[in-house]
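Below you'll find the structure, written out as structure tokens, and then a few comments.
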Amino acid sequence: MGSLIDRVRGAASVLDYLNLLLCLHYLRGAAADRFDALAARARSLNSLDEAAQLLRDIGRSADEDMRGLGVHSSMQEALGRLEPRTARDLRNVVDAMSRLTEDVFGLILDQYEQRAALGSGEFFTPRAVVRLMTRLTCSEFGPGEPESVYDPYARDGGFLIEATAACALDEDGLPRKERLRTYGETRRADTWRLATMNLLLHGVSPALDLKRTVPWHDGPGRAPLESFDIVLTNPPFNMSDPGRGERREGQWAYGAPPLDNDNLAWVQHCLAKLRERGRAGIIMPNKAGNSGHKAEQTIRRNLVESGVVDCVIALPAQLFTGTAVPVSVWMLRHPDNPCDSTLFLDARHMGVKNGSRRVLSALDAESLIDAYRAHKNAGGTTPSPGTTTAEPHVPAARVSREELRRSNYSLNPLDHVERRSDGGEGFEHELFSAWELLSDAEEHLRDTQGATTRLPFVGDHGPLRRRNQPVSLASLDSLCEIQAGPSYSKLGKKQRSAHGPVPVVFPRHLKDRRISDEADERVTEETARRLRNFELWHKDIVCVRSGSIVPPALVQQHQIGWLMSPNVIRLRVPEAQEGRVLPEYLLHYLCLDESVAWMRDRAAATAAPSLRSESLGSLRIPLPDLAEQQEIVAALNGLDELDRAHLAVAASVRRTRIALAGALLGPSTEPAPDVIPRRRLEKEASL
């Protein structure tokens with residue numbers, strides 16, 4: 001996306017140049033023989049006439065392949081408008097595209113979205129939001145489920161792709177024999193072509209129809225299935241005030257939406273397409289949650305009283321390229337399986353700035369999913385109306401149906417998620433606790449910084465002084481025992497619950513080279529005894545077996561006896577190898593970026609990555625002598641501890657700031673108390 005844009009496009013638009021990149025990447029993945037022939041011609045280009053002919057042939061090849069799938073593409077026309085300055089410029093583009101990874105398609109789509117200036121009706125959904133919504137909806141289903149997914153406004157096909165990947169494994173952790181059935185509809189021809197390319201390159205059947213009317217207009221052949229297990233979508237927003245007249249077309253189970261505004265029409269369409277036990281995720285503008293329009297109030301009332309609104313998540317501003325409208329994710333359920341309360345999560349503070357947009361990080365998504373699971377696991381106890389809690393970084397409130405009635409059926413999280421104010425005594429206790437935690441965190445940081453100065457390779461901040469002895473290489477399976485987790489038939493959803501004495505470790509628990517202590521899935525002692533061969537010991541290494549490959553984690557002392565899930569692999573250094581390799585050294589090597597990339601590359605080429613024990617065992621490990629391993633481990637462990645100490649101080653500062661702001665700006669009429677702990681003041685005086 002640098003100087004080659006202008007050197008290749010000439011008087012054509014940037015979108016035509018992007019179409020060239022998309023065609024090349026598509027052909028490389030979907031028609032490798034054609035791409036190889038075109039790339040060979042590109043390497044021997046000598047004139048602009050040959051370059052012009054090659055561009056036409058690239059477009060024609062993409063069109064022919066797409067037409068064979070029922071997609072009427074016009075890439076040849078778009079690429080024919082390009083005017084390269086030299087044949088070498090086109091040769092450089094083709095050569096560069098031949099060396100990029102499969103993830104580049106999403107990056108090109110991002111550029112297409114920005115350059116095409118797509119409006120709120122067509123902008124693509126950020127991939128982090130797609131993954132968040134998909135994981136939340138799919139979490140309600142067991143292995144081998146669900147069977148079908150539908151997106152009534154498919155845009156770039158992201159929801160269908162992500163749902164296929166999330167539901168790709170059977171109960172034994174192997175690729176499903178019958179893949180998830182997908183169906184989508186879209187309204188715009190150019191994004192229809194891009195979405196079809198995207199689906200094909202991700203191995204998803206391109207069941208995507210170009211429709212000219214909204215889906216609730218009756219017509220033949222609208223969808224191949226009457227209902228679906230999962231419905232995921234990001235429909236176009238209508239932000240204008242709706243008309244006062246009544247809508248007469250369509251059948252509306254929860255009330256006719258107002259004229260000129262389809263927001264709640266999309267919600268009702270998604271619900272109408274759900275099978276029993278089905279789940280839906282839909283992006284809605286915040287305004288749809290508390291609009292004062294009479295028709296929309298009626299619809300929200302009926303949605304709440306039917307118990308179909310499971311969760312509403314307020315997203316950060318500026319996530320989307322095409323609109324600055326604040327939005328929320330509505331998680332819905334089939335009315336035959338209603339809920340008595342609605343969970344509201346406030347994620348407006350999340351995300352990091354990236355140019356003019358904000359981007360949700362993987363950690364943000366995990367925090368939201370953890371908060372959702374925590375409240376769902378506690379679902380057996382009904383909170384008092386409007387009870388507000390705060391999972392780490394995620395303010396949340398579970399609101400009963402009665403409380404929603406009193407709020408005029410508002411589904412806007414901002415109307416429910418508030419920090420509780422208990423007056424002066426509550427603020428005093430909260431502030432005192434916050435100051436105490438901050439003091440302890442700062443003291444631990446100072447101690448850790450002092451210890452860091454004495455670490456090998458770290459203390460003098462100078463050049464590395466490593467031994468010059470040759471380092472041998474050893475395969476991973478020669479250094480440790482490699483054990484895959486139990487099959488789903490032995491440890492499936494039926495054997496697990498939120499209760500029980502023995503936690504089960506899943507890939508989502510591998511965080512920052514450690515296993516988190518959230519322990520949200522457990523088994524009985526009887527199940528643990530039956531699966532004793534899969535228990536974890538101190539200093540075992542846990543890697544991802546199936547799912548998204550992330551860095552491994554080391555088992556801590558207090559996690560002895562925890563069980564592996566079917567989705568992980570255990571590495572254990574046997575006694576015979578203890579004088580040859582340290583488990584911590586192996587962990588740090590496996591956490592290197594290049595090691596993680598190696599594992600990802602060797603994960604099975606299926607919709608969901610799956611790493612075999614045999615493949616992992618072939619990884620070659622450089623093996624310095626034990627003394628150098630100990631120094632390396634000491635240095636890296638020390639920096640890990642310093643990292644955690646800094647994070648603890650930062651979290652304590654944020655908590656203290658929130659508590660102090662509440663005391664100074666809250667509704668209490670009493671002056672804010674002086675609650676800085678005496679111990680903290682004494683420490684500061686001694687410094």
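Since we're looking at a predicted model, the values are computed, not measured.
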Problem set entry | Partners meeting side-chain contact (heavy atoms from CB on, under 4.5 Å) with S595 (sequence neighbours left out) | Y589, L592

Exercise. Do the non-hydrogen side-chain atoms of L639 and T452 ever get within less than 4.5 Å of each other?
Worked result: yes

Problem set entry | Residues E535, R532: salt bridge by 4.0 Å N-O rule | no

Donor-acceptor contacts, no H, no angles, side chain residues 474-481, under 3.5 Å, sequence neighbours left out:
from, atom 1, to, atom 2, distance (Å)
S475, OG, D477, OD1, 2.6
S475, OG, S478, OG, 3.4
S478, OG, S475, O, 2.6

For this session: Give the intermediate values and the outcome of side chain to side chain contact (heavy atoms under 4.5 Å, CB included) for residues W598 and L619.
Result: CA-CA 8 Å; W598 185 95; L619 176 62; 3.6 Å; yes

Seminar exercise, completed: salt bridge (charged side-chain N to carboxylate O under 4.0 Å, His left out) pairs touching residues 506-516, sequence neighbours excluded, are D370-K511, R508-D520, R508-E521, K511-E518, R513-D640

Problem set entry | Residues forming a side-chain contact (heavy atoms from CB on, under 4.5 Å) with E614, sequence neighbours excluded | R612

Problem set entry | All pairs passing salt bridge (charged side-chain N to carboxylate O under 4.0 Å, His left out) where residues 132-142 contributes a residue, at least two apart | R135-E366, E140-R279

Exercise. If you count the non-hydrogen atoms of other residues, nucleotides and ligands that lie under 6.0 Å from CD in E526, is the total more than 12?
Worked result: no

Problem set entry | Distance in Å, L438 CG paired with E443 CD, rounded so as to fall on 0.5 Å steps | 11.5 Å

For this session: Would you confirm whether R545, through its side chain, and L611, through its main-chain N or O, come within 3.5 Å as a donor-acceptor pair?
Result: no

Exercise. So, does R600 use its side chain to make a donor-acceptor pair with the main chain of I549 at under 3.5 Å?
Worked result: yes

Problem set entry | Any side-chain heavy-atom pair of I230 and C138 under 4.5 Å | yes

Seminar exercise, completed: Sorted by chain and number, sequence neighbours left out, side-chain contact (heavy atoms from CB on, under 4.5 Å) with P507 holds for V544, S565, N567, V568

Exercise. For the side chain of Q556 and the backbone of L554, is there at least one donor-acceptor N/O pair under 3.5 Å apart?
Worked result: yes

Seminar exercise, completed: Contacts satisfying salt bridge (charged side-chain N to carboxylate O under 4.0 Å, His left out) that involve residues 574-591 (not counting sequence neighbours) are K539-E584

For this session: Could you walk me through whether L590 and I541 pass the side chain to side chain contact (heavy atoms under 4.5 Å, CB included) test, one step at a time?
Result: CA-CA 10 Å; L590 293 172; I541 299 171; 4.3 Å; yes

Exercise. Side-chain donor-acceptor pair under 3.5 Å between Q559 and D540, yes or no?
Worked result: no

Exercise. Are any of the side-chain heavy atoms of N92 and R88 separated by less than 4.5 Å?
Worked result: yes

Exercise. Which one of L587, V573, L626 satisfies the side chain to side chain contact (heavy atoms under 4.5 Å, CB included) criterion with L582?
Worked result: L626

For this session: Measure the spacing between CD1 of I5 and CG of D89 and express it to the nearest 0.5 Å.
Result: 12.5 Å

Seminar exercise, completed: For L232 and A163, the nearest pair of non-hydrogen atoms, with its separation, is CD1-CB, 4.5 Å

Problem set entry | Residues forming a side chain to side chain donor-acceptor pair (under 3.5 Å) with D36, sequence neighbours excluded | none

Exercise. Does some side-chain heavy atom of L136 sit less than 4.5 Å from a side-chain heavy atom of Y372?
Worked result: yes

Exercise. Within the distance-only criterion (no hydrogens, no angle test), does the side chain of R131 pair as donor or acceptor with the backbone N or O of E162 below 3.5 angstrom?
Worked result: no

For this session: Would you check, one step at a time, whether the test side chain to side chain contact (heavy atoms under 4.5 Å, CB included) holds for R570 with I482?
Result: CA-CA 6 Å; R570 181 189 68 202; I482 302 177; over 6 Å; no

For this session: Could you pull out all residues at least two apart from D643 that satisfy side chain to side chain donor-acceptor pair (under 3.5 Å)?
Result: none

Problem set entry | Partner set under side chain to side chain donor-acceptor pair (under 3.5 Å) for R522, not counting sequence neighbours | none

Exercise. With distance as the sole criterion, is a donor-acceptor pair present between the side chains of D517 and H509 under 3.5 Å?
Worked result: no

Exercise. Taking only residues two or more places apart in sequence or in another chain, which ones pass side chain to side chain donor-acceptor pair (under 3.5 Å) with R620?
Worked result: none

Exercise. Ignoring hydrogens and geometry, is there a side-chain-to-backbone donor-acceptor pair from R91 to S44 under 3.5 Å?
Worked result: no

Exercise. Can a donor-acceptor pair be found between the side chains of Q449 and H444 at a distance below 3.5 Å?
Worked result: no

For this session: Please lay out, stage by stage, how L473 and L623 fare under the test side chain to side chain contact (heavy atoms under 4.5 Å, CB included).
Result: CA-CA 6 Å; L473 291 174; L623 213 60; over 6 Å; no

Exercise. Does any N or O in the side chain of Q577 come within less than 3.5 Å of the main-chain N or O of P574, such that one atom is a donor and the other an acceptor?
Worked result: no

For this session: Indicate yes or no: at least one non-hydrogen side-chain atom of V649 is less than 4.5 angstrom from one of V653.
Result: yes

For this session: Please tell me if the side chains of F35 and I58 come closer than 4.5 Å, counting only heavy atoms from C-beta onward.
Result: no

Exercise. Which residues pass the side-chain contact (heavy atoms from CB on, under 4.5 Å) test with V502, sequence neighbours left out?
Worked result: V523, A528, L563

For this session: Nearest 0.5 Å please: distance from the CZ atom of R530 over to the CD atom of E525.
Result: 14.0 Å

Problem set entry | Rounded distance (nearest 0.5 Å) linking atom CZ of R644 with atom CG of L445 | 13.0 Å

Problem set entry | D364 (side chain) donor-acceptor with S361 (main chain) under 3.5 angstrom | yes

Problem set entry | For M564, the option from N533, L536, V542, I569 that meets side chain to side chain contact (heavy atoms under 4.5 Å, CB included) | L536

For this session: Please examine the side chains of L21 and H25, heavy atoms only from C-beta on, and report whether any two atoms are closer than 4.5 Å.
Result: no

Exercise. Taking N198 for the side chain and D156 for the main chain, is one N or O donor matched with an acceptor at less than 3.5 Å?
Worked result: yes

Exercise. Looking at CD of E442 and OG of S652, how far apart are the two atoms once the value is rounded to the nearest 0.5 Å?
Worked result: 8.0 Å

Exercise. Would you say the side chain of T134 lies within less than 4.5 Å of the side chain of F159, judging by non-hydrogen atoms?
Worked result: yes

Problem set entry | Carboxylate-amine/guanidinium contact R99 D95, below 4.0 Å | yes

Problem set entry | Donor-acceptor under 3.5 Å (Q483 side chain, F534 main chain) | no

Seminar exercise, completed: Separation between SG (C23) and CG (L18), nearest 0.5 Å, reads 11.0 Å

